[in-house]
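If you scroll down you'll find the structure; I have some questions about it.
Chain A is the first sequence line, chain B the second, and so forth, proteins listed ahead of strands; every chain is numbered from 1. Side chains are part of it too, since the values below use all heavy atoms of this structure and drop only hydrogens, waters and symmetry mates.
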Amino acid sequence: AQSVTQPDIHITVSEGASLELRCNYSYGATPYLFWYVQSPGQGLQLLLKYFSGDTLVQGIKGFEAEFKRSQSSFNLRKPSVHWSDAAEYFCAVGAQAAGNKLTFGGGTRVLVKP
Amino acid sequence: KAGVTQTPRYLIKTRGQQVTLSCSPISGHRSVSWYQQTPGQGLQFLFEYFSETQRNKGNFPGRFSGRQFSNSRSEMNVSTLELGDSALYLCASSWSGFPDTQYFGPGTRLTVL
């Protein structure tokens, strides 16, 4: 079975500082990987996704993620955080062999200090 | 283009009742998936519908059911509500299902008293 782990439940970062959110997955083959963001009272918005090819993926809002097969990781990064980036971030994995569903990590809540 | 809409946004029910939630996908999208989000269990996949047929199902009891109409709108129903069913229910639509990008609605917040 596929699984996703986000080791950090909460992260506090100062505005303007860099941000890195960790994501580790478990799956037999190369899965499809996603990062979503959820603001309070909102649904999930896709930040970026990785299917194949270049292991560094650019997304919206200045985010990027790097797929590292050897470490089974797909970490999300942003060079300079804005106050509006305060939200909860979810890493997800999907695979057609697993029934075309997304399996989500537990989420990381990001707080931004002024 | 309008996004995924879910109605109602908030709902309060009592144990034992049943509830129906509605999801209207983005125009042209034929796949609709439902997820349950709770603080304890996180985001969990309920089921996916495509062209009025349930294509995938998660590990939820039979009290949770759904359907999809010819216009791709979907409903999910929970019968005999339990306190543990209190959650945010999210609907997501995509063109034809995974691995197409899933676009999520704002969710329906269900509270069971």
More than 12 heavy atoms of other residues, nucleotides or ligands under 6.0 Å from CZ of B:Arg15: is that the case? no
Is there a path of hydrophobic side-chain contacts, each under 4.5 Å between heavy atoms of I, L, V, M, F, W or Y residues, that connects A:Phe74 with A:Tyr89? yes
Around atom CG of B:Leu113, are there more than 12 heavy atoms from other residues, nucleotides or ligands closer than 6.0 Å? yes
How about OH on B:Tyr103, more than 12 heavy atoms from neighbouring residues, nucleotides or ligands closer than 6.0 Å, or not? no
Side chain, backbone, both or neither of B:Arg9 within contact of chain A (heavy atoms, under 4.5 Å): side chain
Cluster check A:Ile11, A:Ile9: I/L/V/M/F/W/Y, side chain < 4.5 angstrom: no
Of all the residues in residues 46-64 of chain A, which have a heavy atom that comes within less than 4.5 Å of a heavy atom in chain B? A:Leu46, A:Lys49, A:Phe51
Can you tell me which of B:Gly42, B:Gly107, B:Pro106 forms the most heavy-atom pairs within a distance under 4.5 Å of chain A? B:Pro106
Could you go through the side chain to side chain contact (heavy atoms under 4.5 Å, CB included) check for A:Leu102 and B:Phe45 one step at a time? CA-CA 7 Å; A:Leu102 290 177; B:Phe45 173 78; over 6 Å; no
Could you see if B:Val32 belongs to whatever hydrophobic cluster contains B:Val19? Use Ile, Leu, Val, Met, Phe, Trp, Tyr and a side-chain cutoff under 4.5 Å. yes
Rounded to the nearest 0.5 Å, how far apart are CD of B:Gln37 and CZ of A:Phe90? 4.5 Å
Minimum-distance pair of heavy atoms, taken over all atoms of B:Gln102 and A:Tyr36: O-OH, 3.2 Å
Chain A contact via B:Leu90 - side chain, backbone, both or neither, heavy atoms under 4.5 Å: side chain
Salt bridge (charged side-chain N to carboxylate O under 4.0 Å, His left out) against A:Glu66, all qualifying residues, sequence neighbours excluded: A:Arg77
May I ask whether B:Leu46 and B:Tyr35 are part of the same hydrophobic cluster, defined by side-chain heavy atoms of I, L, V, M, F, W, Y residues being less than 4.5 angstrom apart, directly or through others? no
Quick check on B:Gln44 against chain A: is it the side chain, the backbone, both or neither that has a heavy atom closer than 4.5 Å? neither
Given heavy-atom pairs under 4.5 angstrom as the criterion, report whether the side chain, backbone, both or neither of A:Gln45 touches chain B. neither
side-chain contact (heavy atoms from CB on, under 4.5 Å) with B:Asn77: which residues, sequence neighbours excluded? B:Gln18, B:Thr20, B:Ser65, B:Ser79
Contact summary for B:Phe104 and A:Leu44, nearest pair of heavy atoms: CB-O, 3.4 Å
CG/B:Asn59: more than 12 non-hydrogen atoms of other groups inside 6.0 Å: no
Going through the checks in order, is the side chain to side chain contact (heavy atoms under 4.5 Å, CB included) test met by B:Leu88 and A:Gln38? CA-CA 12 Å; B:Leu88 180 66; A:Gln38 185 178 36; 3.8 Å; yes
Can you give the donor-acceptor pairs under 3.5 Å from side chains of residues 107-114 of chain A to other protein atoms, not counting sequence neighbours?
residue: A:Thr108; atom: OG1; partner: A:Gln6; partner atom: NE2; Å: 3.4
residue: A:Thr108; atom: OG1; partner: A:Asp8; partner atom: O; Å: 2.6
residue: A:Arg109; atom: NH2; partner: A:Glu88; partner atom: OE1; Å: 2.9

